[in-house]
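For reference, the structure is listed below as structure tokens.
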Amino acid sequence: DDAMTLIARMKLKLVGLEGFENYMPSEVSGGMQKRAAIARAVIARPQLLLADEPTGNVDPSLARRLLSLFIQLNKSGTAVIIATHDIALMDQYEARRMVLHESRLHIYD
């Protein structure tokens with residue numbers, strides 16, 4: 001139990017939620033709830049992770065850290081799909097992209 005608590009705290013720190021371990025979802029912002037979900041996914045390692053604007057409303061440093069977590073998850077076997085408007089941030093990473101532009105879907109390998 002102590003090992004799991006330590007792991008959970010480490011993952012919360014990675015997503016910028018250090019110190020919020022004992023808060024209920026209704027006590028934190030929507031963005032913080034998203035980051036807590038990311039921390040849970042890092043621990044659980046699901047087969048598929050769908051992330052809707054995971055870097056919205058966070059500073060650039062934390063956004064890069066979150067994307068690094070997604071890359072780590074992907075390398076460990078999780079399929080990661082990110083929906084975002086932040087093309088500049090995504091351009092910093094090599095990954096297959098599907099871009100919806102003017103009602104057309106473009107796929108880039």
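The environment of CG in Asn74 is crowded: more than 12 heavy-atom neighbours from other residues, nucleotides or ligands sit within 6.0 Å. Counting non-hydrogen atoms of other residues, nucleotides and ligands closer than 6.0 Å to CD of Glu27 gives a total above 12. The local environment of CD in Glu94 is sparse, with at most 12 non-hydrogen atoms from other residues, nucleotides or ligands closer than 6.0 Å.
The two residues Leu62 and Gly16 have their closest heavy-atom pair at CD1-N, 4.1 Å. Smallest separation of non-hydrogen atoms from Ile43 and Ala8: CD1-CA, 3.8 Å. Scanning all heavy atoms of the two residues, the minimum distance from Leu73 to Ser76 falls at O-OG, 2.8 Å. Here the shortest heavy-atom pairing between Val42 and Arg45 reads O-CG, 3.5 Å. The minimum heavy-atom distance between Leu49 and Ala41, with the atom names listed, is CD1-CB, 3.8 Å.
Rounding to the nearest 0.5 angstrom, the gap separating the CD atom in Glu21 from the OG1 atom in Thr5 is 9.5 Å. In this structure, Arg35 CZ and Ser29 OG are separated by 6.5 Å, a value rounded to the nearest 0.5 Å. Note: Arg40 CZ to Ile38 CD1 = 10.0 Å, rounded to the nearest 0.5 Å.
Applying the side chain to side chain donor-acceptor pair (under 3.5 Å) test to pairs two or more places apart or on separate chains, those with a residue in residues 100-109 are Arg96-Asp109.
Considering only heavy atoms from C-beta on, Val15 stays 4.5 Å or farther from Lys11 through its side chain. Gln33 places none of its side-chain heavy atoms less than 4.5 Å from the side chain of Tyr23. Between Glu53 and Thr84, the closest side-chain pair of non-hydrogen atoms falls below 4.5 Å. A 4.5 Å side-chain heavy-atom check between Arg64 and Leu67 finds every atom pair outside the cut-off.
Between the side chain of Thr78 and the backbone N or O of Val80, no donor-acceptor pair lies under 3.5 Å. Checked by atom type and distance alone, the side chain of Arg97 pairs as donor or acceptor with a backbone atom of Met90 at under 3.5 Å. In this structure, the side chain of Lys34 does not engage the main chain of Ala51 through any donor-acceptor pair within 3.5 Å.
Both Leu14 and Val28 belong to a common hydrophobic cluster when Ile, Leu, Val, Met, Phe, Trp and Tyr are linked at side-chain heavy-atom distances under 4.5 angstrom. Phe20 and Leu69 fall within a single hydrophobic cluster, where Ile, Leu, Val, Met, Phe, Trp and Tyr are joined by side-chain heavy atoms under 4.5 Å apart, directly or via other members. If you chain together hydrophobic residues whose side chains sit under 4.5 Å apart, Ile71 and Leu89 fall into the same group.
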